[in-house]
There are 2 protein chains.
Amino acid sequence: MPETSPLALLARKLSGHVALSSDDFAAVLALPCQIRTLDPSTYLLREGDPPLQCAVLLSGFAYRQKLTGEGARQIVSLHVAGEALDLQSLYLDVADHNIQTLTRAEVALVPRAALRELIQQRPAVAHAAMISVLVESSISREWTLNIGRRDAQARLAHLLCEVAMRLDAQGLAGPDGYDLPMTQEQLGDALGLTAVHVNRTLKTLESAGLIVRNRRHVRIPAWNLLRDVGDFTGRYLHIGPQHA
Amino acid sequence: MPETSPLALLARKLSGHVALSSDDFAAVLALPCQIRTLDPSTYLLREGDPPLQCAVLLSGFAYRQKLTGEGARQIVSLHVAGEALDLQSLYLDVADHNIQTLTRAEVALVPRAALRELIQQRPAVAHAAMISVLVESSISREWTLNIGRRDAQARLAHLLCEVAMRLDAQGLAGPDGYDLPMTQEQLGDALGLTAVHVNRTLKTLESAGLIVRNRRHVRIPAWNLLRDVGDFTGRYLHIGPQHA
DNA sequence: GAATTGACCTAACATAGGTCAATCAATTTT
DNA sequence: AAAATTGATTGACCTATGTTAGGTCAATTC
């Protein structure tokens, strides 16, 4: 089946957790949508706004972010191509966080009503969407643990492992590492650290031989070592079909 | 309608966000369940186990928790009476976190299959369950922000405000404050701090007149002040019906 | 090709919060 | 009621991380 629809990526992602019938699959592909190419740092949703559309990330990276009253930024989740960004606010009146592109990115904008209708009419799609939300919750819990209870080195190692594994699961990581599209300031915002300390910590990991960097490219020469330093286990990512 | 079923609390909670028909409401009440009274610190679910039942908290408090490889504990969410604890793992094969009672608590144990069936057959219930999961996700994001980007005083003030507002929304808070059922060590585990520092910070809040403590009882004499110190806004709790 | 910009990097210093250890107070057990 | 346990409190000290203030370099822009 040629992937003519821009939503093929989404359909594939959804069917990664639950078997979708070919009808279900086709219905996802048939969702109405507009394609947009967005510059880095473009807002897709702003806290306080009513969510009107559901963006699906077709290429590039995006993140969710919140600000304190004093203007400090915390990145609360990262997203790679294929993920639906607005399931989190699909049934809520007002957005509780901001969504921004990290890199230049293509998105498909699906009208909220169309997606809700699809979910209401197709239990298997609803099931898949629910799992997708639950997995995101699980990742959010692990981030809370990471930020609350691990030191800077473990935190950073953990994040690098997570990104590596998630890219790998989407077939987006080469065998020689991956391009991490975040500045050190953004890494700090994701980890609850300052950019300065991220820099120091990257240097530490590098000189310990745990990572090899070349500009934004990261290679992990000994997965087991970085995994141990980062106290990383992929279980919370719930990769693969959920049978039970 | 007399609340004969122990699940009345759950049904009320679900219908807090979405209108349920009386049929839907009755179907929730008719779920098969076993009632248990549990001691403090009893495990309801363990990381790595397959979730087989869905616990609904009828009275008392519970929390979700994760441990690092070194044994540090992070409480990742708090739960008050009326909340369903296992929607988070209802569609996942393996639990990614632990759930424990905080106080002595009564729970209703609903077989996983029964709940899934109900959700599959009643779109309004599915809708309500989804919202309940989404609200929990939103709270999780705010916790990440709180732990990652606020200092100890703001963190603690924020948590105290959140608990006050959630108890109030459930009608569980008196006009003269509430009983916070957590030890200072548990507060630390929820905030990414040590018990010692929680103690110091409580003292600071107290001597600034922002809270009044008597044993575990907390009163907030000037809501606006504590709210400002904690940089708290209740928006992320998404209290009330979601119309859109 | 000078100026500007954004990201990376470094060093010196400051501090919020952690660690350790002791004491006290309240509650439960014997 | 002694003893034991659990949690709260406090003090002295330490360290991981933040802050400030600058550098270097490469990529754009004028």
Side-chain angles (χ1 to χ4, degrees), chain A residues 39-41 61 68 70-75 100 102-104 146-160 179-208 211-218 229-231, chain B residues 39-41 68 70-75 102-104 146-160 179-208 211-218 229-231:
Chain A
D39 284 334
S41 296
F61 294 81
T68 66
E70 287 179 332
R73 180 188 324 269
Q74 178 68 44
I75 292 177
Q100 275 183 287
L102 181 52
T103 58
R104 173 171 295 275
N146 201 33
I147 294 169
R149 287 301 188 207
R150 293 196 186 101
D151 67 15
Q153 210 186 326
R155 255 186 249 188
L156 180 52
H158 190 281
L159 181 65
L160 294 175
D179 282 311
L180 185 67
M182 307 172 77
T183 66
Q184 294 179 2
E185 182 160 23
Q186 288 165 334
L187 280 172
D189 286 346
L191 294 169
L193 298 170
T194 56
V196 172
H197 201 61
V198 167
N199 183 279
R200 288 195 278 246
T201 310
L202 278 170
K203 290 320 214 41
T204 306
L205 290 180
E206 197 174 17
S207 64
I211 59 174
V212 178
R213 286 187 307 154
N214 186 358
R215 326 255 303 98
R216 296 275 179 84
H217 192 86
V218 178
V229 166
D231 187 27
Chain B
D39 283 333
S41 297
T68 65
E70 286 178 334
R73 181 188 324 269
Q74 178 69 43
I75 292 177
L102 181 52
T103 58
R104 173 173 294 276
N146 202 32
I147 293 169
R149 288 301 189 208
R150 294 197 185 101
D151 67 16
Q153 211 186 325
R155 252 185 252 186
L156 180 53
H158 190 280
L159 181 65
L160 293 176
D179 281 312
L180 185 67
M182 307 171 76
T183 66
Q184 293 180 5
E185 181 159 26
Q186 289 165 333
L187 279 172
D189 286 346
L191 294 169
L193 298 169
T194 56
V196 171
H197 202 61
V198 167
N199 184 279
R200 291 194 274 244
T201 310
L202 278 171
K203 291 317 213 41
T204 306
L205 290 180
E206 197 174 19
S207 65
I211 59 173
V212 178
R213 286 188 305 155
N214 185 359
R215 328 256 302 95
R216 297 273 178 85
H217 191 86
V218 179
V229 167
D231 186 27

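For clarity, every value in this text was computed on a predicted model and none was experimentally measured. Below, chain A is the first sequence line, B the second, and so on; all start at residue 1. Below, all heavy atoms of this structure are taken into account, side chains as well, without hydrogens, waters or symmetry copies.
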What is the distance from CZ of R150(A) to C1' of dT17(D), rounded to the nearest Å?
18 Å
Does N214(B) reach the main-chain N or O of H217(B) with its side chain, forming a donor-acceptor pair under 3.5 Å?
no
Side-chain atoms of A152(A) come closest, of dT10(C), dG7(D), dT17(D), to dT17(D)
Looking across every strand, which nucleic acid part, if any, lies under 4.0 Å from R215(A) by heavy atom: base, sugar-phosphate, or nothing?
nothing
Taking the nucleotide of DNA chain D with the closest heavy atom to each, which residue, R213(B) or L193(A), is nearer the 5' end?
R213(B)
Choose from dG18(D), dC20(C), dG7(D) the nucleotide whose nearest atom is closest to any side-chain atom of V196(B).
dC20(C)
Please confirm whether any donor atom in the side chain of R216(B) sits under 3.5 Å from an acceptor in the base of dG7(D), or the reverse.
no
Measure the distance from CD on E185(A) to P on dC8(C) and round it to the nearest whole Å.
9 Å
N199(A) atom CG is separated from dG22(D) atom P, nearest whole Å, by 18 Å
Checking side-chain polar atoms at under 3.5 Å, does R200(A) have a donor or acceptor matched by the opposite partner on H197(A)?
yes
Write down the distance between CD (Q153(A)) and P (dT17(D)), rounded to a whole number of angstrom.
9 Å
Would you say Q153(A) has more than 12 foreign heavy atoms packed within less than 6.0 Å of its CD?
yes
For M182(B) and for R155(A), locate the closest nucleotide of DNA chain D by heavy-atom distance; then report the residue assigned to the nucleotide nearer the 5' terminus.
M182(B)
For the pair made of CD in E70(A) and P in dT19(D), what is the distance, rounded to whole Å?
10 Å
Within this structure, what is the CG-to-C1' distance between N214(B) and dA25(C), rounded to whole angstrom?
14 Å
Calculate the interatomic distance between L156(A) atom CG and dT17(D) atom P; express it in whole Å.
11 Å
Testing dT19(D), dC8(C), dT9(D) for proximity to the side chain of T194(A), the answer is dT19(D)
Quick note, Q184(A) side chain, CB onward, closest among dG17(C), dA8(D), dC9(C) is dC9(C)
Looking across every strand, which nucleic acid part, if any, lies under 4.0 Å from G188(B) by heavy atom: base, sugar-phosphate, or nothing?
nothing
At their closest point, which heavy atom of I147(B) faces which heavy atom of A190(B), and how far apart are they?
CD1-O, 3.6 Å
Does K203(B) place a side-chain N or O at less than 4.0 Å from the phosphate oxygens OP1/OP2 of dA8(D)?
no
What's the CG-P distance between D189(A) and dA7(C), to the nearest Å?
12 Å
Less than 3.5 Å between a donor and an acceptor, one on the side chain of R200(A) and one on the base of dG18(D), is that the case here?
yes
Look at D189(B) together with R73(B) and state whether they make a salt bridge at an N to O cut-off of under 4.0 Å.
yes
Using a heavy-atom cut-off of 4.0 Å across all strands, would you classify L202(B) as base, sugar-phosphate, or nothing?
nothing
